Amino acid sequence: MEPTVTRFAPSPSGALHPGNARTALFSFLLARRSGGRFLVRVEDSDRERSGEEFVAGQLADLAWLGLDWDAGPDRDDGRGPYRQSERAAIYARLFAQLEAARLAYPCYCSPAELDAARRAQLAKGEPPRYPGTCRQLDAGARAAREAEGRRPALRFAVPERRVVRFDDLVRGPQETDAAAFGDFVIRRADGAAVFFFCNAADDSLMGVTHVLRGDDHLSNTPRQLLLLEALGLAAPRYGHLPLLLDAGGVPQSKRRGSVTVRQLRERGYLPGAVANYLLRLGHHGAPDAWVEPTELARHFDPGKLGRAPAHFDPVQLDHWQRESVRRLSPAQAAEWLAPALPADWPAARRVETARLLQGNLLLPAEAAGWIAVLSGELAPLASEDAAVIAQAGTEFFESALAAFAESGGDLARLAEQIRVRTGRKGRDIYQPLRIALTGRHDGPELAALLPAIPPALVRARLAHAARIH
RNA sequence: GCUCCCAUCGUCUAGAGGCCUAGGACACAGCCCUCUCAAGGCUGGUACGAGGGUUCGAAUCCCUCUGGGAGCGCCA
């Protein structure tokens, strides 16, 4: 069996959104599950909209997600370059080949003429498509237009009476009558190759065997198939993924401020969490439980891709984030939490704190309150919590203070001492203690929390609680 | 306008004519566990867009409608 070669072909005109990331992940997984190769090709044929910062940004996001490519703009394997802007000579050769075979022809129509034709067709209820004006131009007519100073675009001559068929990886057999589209431009008047063309040619030239892409490309596929056929190039198999919608139900876009992969990363979402979520968006067959990033490919099956658009739901992402955070080793947790930890804390304390808090955090930003508990001022008490303190009473906290002098950070001993002094037990001891020491009624185990709070703070807080009635 | 695609709980989905009084996960509610939160365990509510067919029988097949989306560019 031939090895599977897949690719992700980002256009660097913005940030990577979850939808693109999902397409990239699925493509990557498709290659990996068969031991094949995964390529990244930058589709920057539109220089105007492309930015180097977007190239770097998107590549960084892919790497962060754990997708490592075998060849790409930074790693040529002999079939590159992997940026379309550097492949002009290759496209030129292909254009010459098509022209020589009379499978493409120069078109001198002006934008105004094309627009007029389009309007007329629309008015008649016909699909707008190129009427073929320049298809039959002879050498003389062409020379005359050149003399007028017109610069031609190059159009592909779509064969008459052709039905294009292909078997879509996710949608099954597809059939389109070539009559449904007119001759289309493959090289603009300024000499630049259009996306359509580069995309299809590059996939073939780079040995790509399976293309997974958004289903906005579905109806363009027959055109690319025709092009490849005319070029004598092998066509990959195509699979079209439904678009990813925002929770609100509209397609993701930067205009609407859809979240970007970069933003998720900056907020502290873990790559494994994002990957686990993406794996289950518009795809079934993965187990209900967490899948280790290294095992992801085993659970991906293109035959189990859905056909309906899926919604990106932040609540579900959070579920995988929680799973992911819980699985962090103390050292990893410390690294993850680093942005939220005081810079002057020694490594041991950072690791200890991260280990202490990781079961109660979703994102590093939530650690701020706990950092204060461990080293600074407590937030004001909620009224229900203040009531618990008042209920416990002055005597309780004075006893606790005395008990603490003997027990130190050993909670079991502290509780025992308090029990001996006050006769209380269980919840009546732990609850007021927790609130007095942390200012809140939720959080990690008290037994772990207590030794992490400096003794001076413990004494101050117990003394303070003793004064609340 | 034309062509094409899609349609099951709030969300992700299982379901390829009887196994479906529609299953799972997330979220939500309750209970258990527990010093608390989280985790875990148990329980619960919530869905086949509408209407017509076909059939002994339809979430599953067909048609219409509705609702969403895409494409028809010298954009990618």
Side-chain angles (χ1 to χ4, degrees), chain A residues 9-13 43-46 48-50 84 107 109-111 114-115 118 121-130 151-155 168 171 174-177 179-182 184-196 198-199 214-223 240 242-243 245 247 249-251 277 279-289 304 306-320 322-323 325-326 358-362 385 388 411 415 425-435 438 440-447 449:
Chain A
S11 126
S13 58
E43 306 225 312
D44 57 351
S45 56
D46 181 0
E48 314 261 300
R49 299 206 322 197
S50 302
Q84 288 183 335
C107 168
C109 296
S110 69
L114 294 170
D115 191 50
R118 229 182 330 263
Q121 289 168 325
L122 239 21
K124 278 192 287 183
E126 293 170 4
R129 51 183 221 229
Y130 183 64
R151 305 294 316 271
L154 190 66
R155 275 185 196 274
D168 192 275
R171 292 176 190 284
Q174 305 288 311
E175 191 178 293
T176 311
D177 190 337
F181 35 80
F184 50 90
V185 170
I186 53 179
R187 185 184 66 207
R188 301 191 306 223
D190 66 6
V194 306
F195 156 82
F196 241 43
C198 308
N199 181 264
D215 74 3
D216 45 335
H217 294 291
L218 181 61
S219 39
N220 286 333
T221 305
R223 263 171 269 243
H240 291 90
L243 295 181
L245 309 179
V250 298
Y277 181 42
L279 178 69
R280 296 166 171 87
L281 255 185
H283 174 251
H284 68 269
D288 286 339
K304 293 184 173 175
R307 298 136 308 268
H311 297 72
F312 184 87
D313 181 359
V315 176
Q316 305 217 24
L317 206 214
D318 284 349
H319 169 253
W320 297 110
R322 182 168 287 116
E323 291 284 318
V325 170
R326 282 185 50 208
Q358 80 183 105
N360 285 266
L361 298 178
L362 205 53
D385 293 339
V388 173
L411 182 70
K425 55 187 178 184
R427 188 188 176 92
D428 289 338
I429 290 178
Y430 291 104
Q431 201 58 21
L433 218 40
R434 167 179 290 280
I435 294 170
T438 69
R440 52 200 286 180
H441 56 259
D442 63 347
E445 267 189 299
L446 241 200
L449 221 30

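First the proteins, then the strands, lettered A, B, ... as listed; each starts at 1. For clarity, every value in this text was computed on a predicted model and none was experimentally measured.
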Q: Could you measure between the two C1' atoms, the one in rG68(B) and the one in rA29(B), and give it in whole Å?
A: 32 Å
Q | Note: Asp190(A)-Arg151(A) ion pair, threshold 4.0 Å (strictly below) | A | no
Q. Want to settle it: does Glu445(A) or Ala153(A) sit nearer the 5' end of RNA chain B, counting the closest nucleotide to each?
A. Glu445(A)
Q | Given rA14(B), rU36(B), rC72(B), the nucleotide with the shortest approach to the side chain of Arg434(A) | A | rU36(B)
Q | Integer-rounded Å distance: rU3(B) C1' and His240(A) NE2 | A | 16 Å
Q | Under 3.5 Å on both distances, the Watson-Crick or G-U partner of rU55(B) | A | none
Q) Can you tell me how far P of rC12(B) sits from CG of Leu281(A), to the nearest Å? A) 8 Å
Q) According to a strict under-4.0 Å criterion, is Arg188(A) in side-chain N/O contact with OP1 or OP2 of rA76(B)? A) yes
Q. Distance between the C1' atoms of rU46(B) and rG30(B), in whole angstroms?
A. 16 Å
Q. Taking all atoms of both residues into account, what is the closest heavy-atom pair of Asp215(A) and Pro242(A), and its distance?
A. OD2-CA, 3.6 Å
Q | Nucleotide rU34(B), atom C1' - distance to CG of Asn360(A) in whole Å | A | 14 Å
Q | Nearest-angstrom distance, P atom, rA58(B) to rG51(B) | A | 14 Å
Q: Please state the C1' separation for the pair rG40(B) and rA22(B) - nearest whole angstrom.
A: 28 Å
(Q) Test of understanding: with ring-ring contact (aromatic ring centres under 6.0 Å, His included), list the residues that count as partners of His283(A), not counting sequence neighbours. (A) Phe26(A), Phe300(A)
Q | rA16(B): pairing nucleotide in any strand, Watson-Crick or G-U under 3.5 angstrom | A | none
Q | Counter-base of rC2(B), judged by Watson-Crick or G-U geometry with both distances under 3.5 Å | A | rG71(B)
Review item, nucleotides 24-31 of chain B N/O atoms under 3.5 Å of protein N/O:
| from | atom 1 | to | atom 2 | distance (Å) |
| --- | --- | --- | --- | --- |
| rG24(B) | O2' | Asp288(A) | OD2 | 2.3 |
| rA25(B) | O4' | Asp288(A) | OD1 | 3.4 |

**Q.** Rounded distance in Å between the C1' positions of rA7(B) and rU43(B)
**A.** 32 Å
Q: Considering only atom C1', compute the distance from rC19(B) to rG1(B) and round it to an integer number of Å.
A: 48 Å
**Q.** Selection from rU13(B), rC12(B), rC35(B) that lies nearest to any side-chain heavy atom of Tyr430(A)
**A.** rC35(B)
Q) Closer than 4.0 Å, any side-chain N/O of His311(A) to the OP1 or OP2 of rU11(B)? A) no
**Q.** Separation of Arg322(A) CZ from Leu362(A) CG (nearest 0.5 Å)
**A.** 5.0 Å
(Q) Rounding to an integer number of Å, can you tell me how far Leu362(A) CG sits from rC37(B) C1'? (A) 13 Å
Q: Name all residues meeting the side chain to side chain contact (heavy atoms under 4.5 Å, CB included) criterion together with Pro432(A); count only those two or more places apart in sequence or in a different chain, and write none if there are none.
A: Val388(A), Ala392(A), Phe396(A), Phe397(A)
Q. Phe195(A) has an atom CZ; how far is it from atom P of rG71(B), in whole Å?
A. 11 Å
Review item, nucleotides 4-8 of chain B N/O atoms under 3.5 Å of protein N/O:
| from | atom 1 | to | atom 2 | distance (Å) |
| --- | --- | --- | --- | --- |
| rC5(B) | O3' | Arg171(A) | NH1 | 3.4 |
| rC5(B) | O2' | Arg171(A) | NH1 | 2.7 |

**Q.** P spacing across the pair rC32(B) / rA50(B), given as an integer number of angstrom
**A.** 40 Å
Q. Counting only N and O atoms by type, is there a donor-acceptor contact under 3.5 Å from the side chain of Asp44(A) to the main-chain atoms of Pro12(A)?
A. no
Q.
So, using ring-ring contact (aromatic ring centres under 6.0 Å, His included) as the criterion, who are the partners of His319(A) when residues are at least two apart?
A. none
Q) Taking a pair as Watson-Crick or G-U wobble with both distances under 3.5 Å, which nucleotide is matched to rU64(B)? A) rA50(B)
Q) Phe181(A) ring centre to Arg223(A) NZ or CZ under 6.0 Å, with the angle to the axis within 45°? A) yes
Q: Could you pull out the closest heavy-atom pair between His311(A) and Leu281(A), with the gap in Å?
A: O-CD2, 3.4 Å
Q.
Please report the distance, rounded to the nearest Å, between CG in Asp428(A) and C1' in rU36(B).
A. 14 Å
Q. For atom P, what is the distance between rU66(B) and rA47(B), given to the nearest Å?
A. 26 Å
(Q) According to side chain to side chain contact (heavy atoms under 4.5 Å, CB included), who are the partners of Asp385(A), at least two apart in sequence or on a separate chain? (A) Leu381(A), Ala382(A), Ile435(A), His441(A)
(Q) Please report the distance, rounded to the nearest Å, between CZ in Arg440(A) and C1' in rC35(B). (A) 15 Å
Q) Is the His217(A) to Phe195(A) ring centre distance short of 6.0 Å? A) yes
Q.
Whole angstroms only, please: what is the CG-P distance between Leu245(A) and rC12(B)?
A. 8 Å
